[in-house]
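A short worksheet on the structure shown next.
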Protein chains: 2
Amino acid sequence: MKRPTMADIAREAGVSKGAVSYALNGRAGVSDETRRRILAIADQLGFRANSAARALAGAQAKVVGLALPRPPATLGVEPFFMELISGLEAELSTRSYALLLQTVPDETGEIGLYRRWWSESRVDGVLVCDLRVHDQRVTILRELGLPAVVIGPPSSAGGLASIWSDDQISMTEAVEYLVALGHRRIARVGGIPRLAHTAIRTRAFGEACERLGITEATTVSTDYTGENGAQVTRALLCRQARPTALVYDNDIMAIAGLGVAHELGLRVPADLSIVAWDDSPLCRLVGPPLTALSRDISAHGVQAARMLLSAMEGSPVEDVHDEPAHLSPRGSTAPPPQGSRP
Amino acid sequence: MKRPTMADIAREAGVSKGAVSYALNGRAGVSDETRRRILAIADQLGFRANSAARALAGAQAKVVGLALPRPPATLGVEPFFMELISGLEAELSTRSYALLLQTVPDETGEIGLYRRWWSESRVDGVLVCDLRVHDQRVTILRELGLPAVVIGPPSSAGGLASIWSDDQISMTEAVEYLVALGHRRIARVGGIPRLAHTAIRTRAFGEACERLGITEATTVSTDYTGENGAQVTRALLCRQARPTALVYDNDIMAIAGLGVAHELGLRVPADLSIVAWDDSPLCRLVGPPLTALSRDISAHGVQAARMLLSAMEGSPVEDVHDEPAHLSPRGSTAPPPQGSRP
DNA sequence: CTGAAAGCGCTTACAG
DNA sequence: CTGAAAGCGCTTACAG
């Protein structure tokens with residue numbers, strides 16, 4: 001099959017290629033009648049602008065890039081990214097933008113990828129996630145002048161537009177709820193420490209516990225995998241005075257924690273309360289369903305895509321403070337067992 | 001920042017742009033010494049070929065497309081796709097190919113997407129998944145002449161190269177195992193009926209049960225979501241003579257089924273055995289860990305990407321029959337309760 | 001082995 | 001409002 005080009009349309013309509021371009025892109029330069037005729041012919045021929053030619057001629061590539069800074073193995077089980085991607089997709093596809101995905105092993109790899117995307121003119125803009133406290137990526141992106149939106153706290157976004165939800169509020173809500181239930185020994189199975197949002201959560205957890213007089217509050221770090229979450233949970237539950245409540249930084253580890261409780265013969269929530277973060281449908285499927293800090297990640301993605309699209313158009317973009325995750329109490333939280341109450 | 005172009009290299013090296021192109025692409029036409037000099041300069045300048053220009057000049061776009069034929073909401077929880085994607089990525093990225101992702105609402109939308117990708121010259125080839133029994137997509141792809149590899153049974157691939165694993169073997173293995181344990185009332189919570197591999201599994205399940213004299217064998221269809229899996233499980237377990245073993249077409253539904261058993265006060269595996277299909281790490285995390293039909297989906301993706309890459313080079317590509325999923329017995333299967341044994 | 005030139009299919013100033 | 005032309009940065013026959 002031969003692809004129809006603008007020259008074909010121009011010939012058919014008896015106008016110049018330039019006129020076709022103006023008509024197709026809805027710009028001034030052609031009369032309404034000519035425009036209509038051109039559009040009709042384009043439609044009839046099933047014309048689609050060649051994206052390479054368009055990009056080369058200085059227009060946009062109509063592609064947005066997303067580097068996934070996690071090892072492929074982790075990605076498969078982490079519902080967060082897929083939910084984010086479906087949100088991004090939902091917005092991008094209505095505007096005929098494609099999403100270019102690539103996994104990267106580490107920060108250096110990611111920076112290399114941005115440089116490559118930039119020098120190949122492959123993408124019009126990028127979304128950055130998993131912000132670190134001092135993140136080099138934002139510096140590079142500003143240097144390259146590649147439009148970018150950060151999915152993470154503005155405090156680490158280095159001046160790039162950012163969209164985030166305030167994890168401090170959510171963490172405080174979770175701790176207050178557990179304390180209200182009567183828990184005094186609370187531990188947190190935290191995420192990767194160098195990530196900016198992990199740092200925020202860790203601080204919030206510590207502060208909330210201190211304020212409420214919880215002295216036995218621990219945070220243990222993990223790599224977010226279920227295996228690691230299980231391992232840490234096992235260690236915590238085998239302690240002399242084991243915690244009566246656990247707060248997890250993602251849902252996969254919370255589910256793993258539930259499995260470990262089961263393995264140790266502890267009843268959830270009678271012997272142990274569990275709170276998950278990032279409420280994927282999984283949390284509602286397990287028995288008992290997990291109390292979780294939930295927010296609409298997909299909507300977060302839609303919003304992030306919108307911001308990037310405006311940034312790419314050159315409009316000034318405000319930071320967006322999305323709704324924080326709120327606690328959805330379900331079957332995995334209850335007052336602590338009698339013996340451990342104050 | 002200004003991107004270095006081949007003209008810059010040519011000027012620096014004192015040769016023509018053509019010579020630079022030959023040198024960079026490892027083709028004949030330049031002496032070894034000139035080639036080395038050109039490569040050194042390119043490297044020093046941080047040169048990267050502009051992908052749009054390259055695609056326009058008739059070379060490849062270096063992009064592979066994957067349409068995701070599931071509603072965004074389902075994607076988030078389905079580990080299968082993310083595992084497949086990480087496999088594809090692993091292979092594509094080493095060859096400097098990018099993966100273009102787009103969700104599509106249905107078959108018509110997917111066909112439209114292929115036409116668009118084709119007419120925009122956006123991708124060099126595509127991967128097709130979730131094959132239907134009579135799948136229109138393969139016909140269209142052949143018409144367009146877009147290189148494609150089907151991830152699914154060759155029986156529905158309509159002549160396109162395909163990679164698949166034989167679900168009949170796996171299903172038979174699962175049924176034989178359950179029967180050997182003593183189960184006589186086995187039900188299957190199946191996937192979307194119009195998918196080719198679902199049909200294969202349904203037939204295999206029926207045949208295996210019949211051959212082993214299991215008369216009470218039912219398959220119930222679902223849409224693969226956890227919610228639907230839970231609902232179907234609830235209905236099955238509330239029957240007069242409830243099944244003592246359930247086989248699920250994906251792991252999410254198996255986990256949902258475990259939740260329902262918990263909710264109904266049934267012990268797994270003492271009262272009910274559960275077998276999951278597609279053994280994501282989740283299966284090992286829940287309590288009890290799920291017996292599952294496991295295979296390396298990520299490796300499947302690597303292989304699929306390799307096949308597509310050769311197809312795009314014009315090499316003839318053989319269908320690949322990947323290793324079938326094999327049973328990994330874990331804590332969710334055991335002999336049926338006393339009363340229900342023959 | 002090397003160079004000069006045409007062309008891929010668009011967009012966008014620049015004249016009329 | 002419209003047309004003719006240059007140019008984006010590559011690749012690839014075609015001469016030398």
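The shown structure was predicted, so the numbers you read here are calculated from the model rather than taken from an experiment. By convention in this document, chain letters (A, B, ...) are assigned in the order of the sequence lines, proteins followed by strands, and residues within each chain are numbered from 1.
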C/dG16: pairing nucleotide in any strand, Watson-Crick or G-U under 3.5 angstrom: D/dC1
Distance, rounded to the nearest Å, where B/Met6 contributes CE and C/dG7 contributes C1': 14 Å
Closer than 3.5 angstrom, by distance alone: can the side chain of B/Asp43 be matched with the main-chain N or O of B/Leu39 as a donor-acceptor pair? no
For B/Gly18 and for B/Ala53, locate the closest nucleotide of DNA chain C by heavy-atom distance; then report the residue assigned to the nucleotide nearer the 5' terminus. B/Gly18
Going by side-chain contact (heavy atoms from CB on, under 4.5 Å), A/Tyr97 matches just one of A/Val63, A/Leu92, A/Leu308. Which one? A/Leu92
Distance, rounded to the nearest Å, where B/Arg54 contributes CZ and C/dG7 contributes C1': 18 Å
Hey, does the side chain of B/Arg27 come within less than 4.0 Å of D/dT12's phosphate (OP1/OP2), counting only N and O? yes
From B/Glu120 CD over to A/Lys62 NZ, what is the distance, rounded to the nearest 0.5 angstrom? 9.0 Å
How close or far is atom P of C/dT2 from atom CZ of B/Arg37, stated in whole angstroms? 9 Å
Please tell me if A/Asn25 has a side-chain N or O lying less than 4.0 Å from either OP1 or OP2 of C/dT11. yes
Nearest-angstrom distance from the residue atom OH of A/Tyr22 to C1' of D/dC1: 11 Å
Whole angstroms only, please: what is the CD1-P distance between A/Ile38 and C/dT11? 12 Å
Could you tell me the separation between the CG atom of B/Leu24 and the P atom of D/dT12, rounded to a whole number of Å? 13 Å
Under 4.0 Å from OP1 or OP2 of C/dC10: is there any side-chain N or O of A/Ser51 that close? no
Atom CG of B/Asn50 to atom P of C/dC8: distance rounded to whole Å? 18 Å
Between A/Ser21 and C/dC10, is there a contact of a side-chain N or O with OP1 or OP2 at under 4.0 Å? no
Quick one: A/Lys17 NZ to D/dA6 P, roughly how many Å, whole number? 12 Å
Could you measure the distance from the CD atom of B/Glu110 to the SG atom of B/Cys129? Nearest 0.5 Å is fine. 7.0 Å
Taking any heavy-atom pair under 4.0 Å as a contact, classify A/Thr34: base, sugar-phosphate, or nothing. sugar-phosphate
Among D/dG9, D/dC10, C/dT2, the one nearest any side-chain atom of A/Leu56 is D/dG9
Any chance you could measure B/His134, atom NE2, to B/Thr139, atom OG1, to the nearest 0.5 Å? 11.0 Å
5′-ward residue of the pair B/Val15/B/Ala57 relative to DNA chain C: B/Val15
